[in-house]
Amino acid sequence: MAAPSKEHWQFGRAILASLLRGRWFLRGGHLPPSGHSVGDAFVGVGVAAADDPAVDDFTFALLRSAGISRVRLDFSPGDESKPAKRLLERLCAEQFQITLHLVQARDEARRMPSKEAGEAWRKFVVETLDRVGSRVEMIELGTTVNRKRWAGHSIAGFLAMWEIAWKEVRARGLKLAGPNVTDFEPPWNVGLLELLRLRGQLPDWHSDNLFSERCTEPERFDQKILGRTLASWHKFNLIKKARLLARIGADSGVSKLVSLAAFWTLPRIERMLPDSEQKQADYLARYLVLCAASGALERAWWGPLICHREGLVDNGPRAYPEMERITHYARVEGALGDLRVRPSFHALRAFVSLIPGCRYEGRLNKTDGLEVHAFRSGQHLVHVVWTINGRAAALDELYQAQDLADACFRNRDGELEPAEDASRQLIGESPRYLSWSASRQVALRPDASLLSNLAVAWHGREGKHYLFRDRGWRGVIFARSASEADLLLQSIHPERLVAPSRENSLRHARNAIWAISDPRQSAGRLVVKQPVKMHFHKQLFDRFKPSKGLRSWNGTCELLRRGVSAAPPLGYFERVNDGSLLQNHYLCEEVEAKFTARELIAAFATGKEEFEGVGELEAYRQLSDYLLRMHGRGILFRDLSGGNILIDKGTDGSLSFSLIDTGRIRVFQGALSLRQRFADLVRICNKLHREGRKRFLGIYLAALRRRLRCWHFLPFMVYDFKVAAKRRVGRKAWKR
């Protein structure tokens, strides 16, 4: 093992000195300062060329439609004879402001600081700068230098690469950005900037690809730093990260911080959430607003414009390249016909049209989970409002009535919304823009906060969520428009929902469940659930919980927003200050189902090899896939009996599943542990025969790359014993 080099010692000393001087401690750094301006150059994107020149035309049309004049182009040795040169020349000709990111090939980077690799790099830099240097705004050096596996540079190799290019850039009087650290790893920023300072080779702009996708949501404290438990202690959110990196750069003598490439990849979003393109658009808008609010970033640019995984434009199914695109966005695969604009592009265009050039006036609320940020320009005052994922806020609980009446409403994508319709809607995880004249002063209500205990599935269905308050009742209605919500209320107003007799109900025990006609369509039906009986101990303990109607709504919404199918919710209502705990309703659409999992399992328990044309092992496999998705996305159902799983069968023999009776659900941030999964599966396995249970659990565990062991049966045996004992000595047994 080689001894540490001089550069390594300097790198380590810089980090230690920065820590000892307390430069990483930023009290209150998670809160945005106010009073700074957001530059006109705040937003840009990364572009790349395709073999098809028509893609260039498409790219330029998109950039102009979004009002974007600044782009980043990766350029490497060998590109002189490739489409990248064609695109570069056209960008220069059409007077775009270009950040030219010079990328050394990974194999050559690994050979640095050898003389041969250095000379090849110098030749490329000289030829490129001589040809286009005077026509670009800035040169960027370094490419994910803290990821040697991607970029190939050792510290010594990076310094050699930098020195060669730095001299050539300075000789031509060009602006320089670097060192292009990726993500939030401040030791690299401290160490590299100190090495460059000692050599007199600092850049003009300090660049860091300031990702936030590992936190999932842009507002969250980073759980990857010291773990989830301590995240609320160190409070490293996006704003604090940006402010700390700006301080690190200023300490080294580089006062301007830029993030020239960041994004959310769709596969990472899809680990927990199904509507990845909509969520990418949500995150983009929220990310840009927070970066603008931080006051630390001169620029916060998106990564690739066109890419199947992280682009604002999809170019169809593609194999991911060997080189990470954050390291080298080399080219666009496919032709013009493969391209499709995603919602995130529209979200970017909306932000560009409203925020750059504004003065930031601050975060107006103090409560967690809700974000209200104010920006003012010479033309308008803009508030950007949103909640964290799955939560909601009511506009009339945030603003005074007159302020809402005078506001202009735009959704995340910049589309104007009718004021009357928009003011009744709930605010959620997709940012909304409220604007007034530039001279207007608008303040939030002092108690502005999230709606307590309410979960909402914002994506996946076409429609909006409307707050309901009337004569002592409150709730939420899901409808395509305000007029449809009013139409629904003519039939489903809680004062019109009267539980029928036992004979006319679908179920009538602790809860009454019955069906009514859907006023939106003559053939449709809605299902209503209302508690009609509450045992004494439930009256005591449930008094401190949300109402049953709200719990059913929340449980179903948590399933749907994680991509687990359930009967689509239509609304819930509850009486304010209801001491009986019985005056609440939950409504959902009726789900078509041929049978339930109870019937399926009972058939196999009697020895049948198939049920409704589906073989036993195939049925277990499809049911297992459904439950694996639910458990993998953090849902503990807690009442997973066969009767609560509705099953429909497609013409191809595939089974589709929907869950009902969702009021007991518990939600976790990540996938469930094996113990939690078994706690859920014991109910549905209770009616399975021994061999069927073994086959089903074997299939379920195989998907987790686990083998079925004898001790795995223990929780199932314990539950079997509890059920048997309850049947003999429980409340129902005493009644019998």
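When the side chain to side chain donor-acceptor pair (under 3.5 Å) test is applied to R469, the partners found at least two apart in sequence or on another chain are D396, E397. The side-chain contact (heavy atoms from CB on, under 4.5 Å) search around R349 returns S65, A66, F345, H346, not counting sequence neighbours. Taking D421 as the reference, Q425, K464, Y466 meet the side chain to side chain donor-acceptor pair (under 3.5 Å) condition, with sequence neighbours excluded. When the side chain to side chain donor-acceptor pair (under 3.5 Å) test is applied to R638, no partner is found at least two apart in sequence or on another chain.
Using modelled atom types, no side-chain atom of Q622 and backbone atom of A619 make a donor-acceptor pair closer than 3.5 Å.
Heavy atoms from other residues, nucleotides or ligands lying under 6.0 Å from CZ of R507 number 12 at most. Heavy atoms from other residues, nucleotides or ligands lying under 6.0 Å from CG of D447 number more than 12. Residue-environment remark: CZ (R445) exceeds the threshold of 12 foreign heavy atoms within 6.0 Å. Other residues, nucleotides and ligands contribute at most 12 non-hydrogen atoms within 6.0 Å of the CZ atom of R706. Around atom CG of D368, no more than 12 heavy atoms belonging to other residues, nucleotides or ligands sit under 6.0 Å away.
Between Y572 and W553, the ring-plane angle classifies as tilted under the 30° and 60° cut-offs. Note on ring orientation: taking the six-membered ring where Trp is involved, the planes of W264 and Y283 are tilted (angle from 30° to 60°).
For the salt bridge (charged side-chain N to carboxylate O under 4.0 Å, His left out) condition, the pairs that include at least one residue of residues 565-586, sequence neighbours left out, are R474-E574. The list of side chain to side chain donor-acceptor pair (under 3.5 Å) pairs with a residue in residues 668-682, not counting sequence neighbours, reads H631-D680, S673-Q676, R677-Y700.
By the 6.0 Å and 45° rule, R693 does not stack over the aromatic ring of F713.
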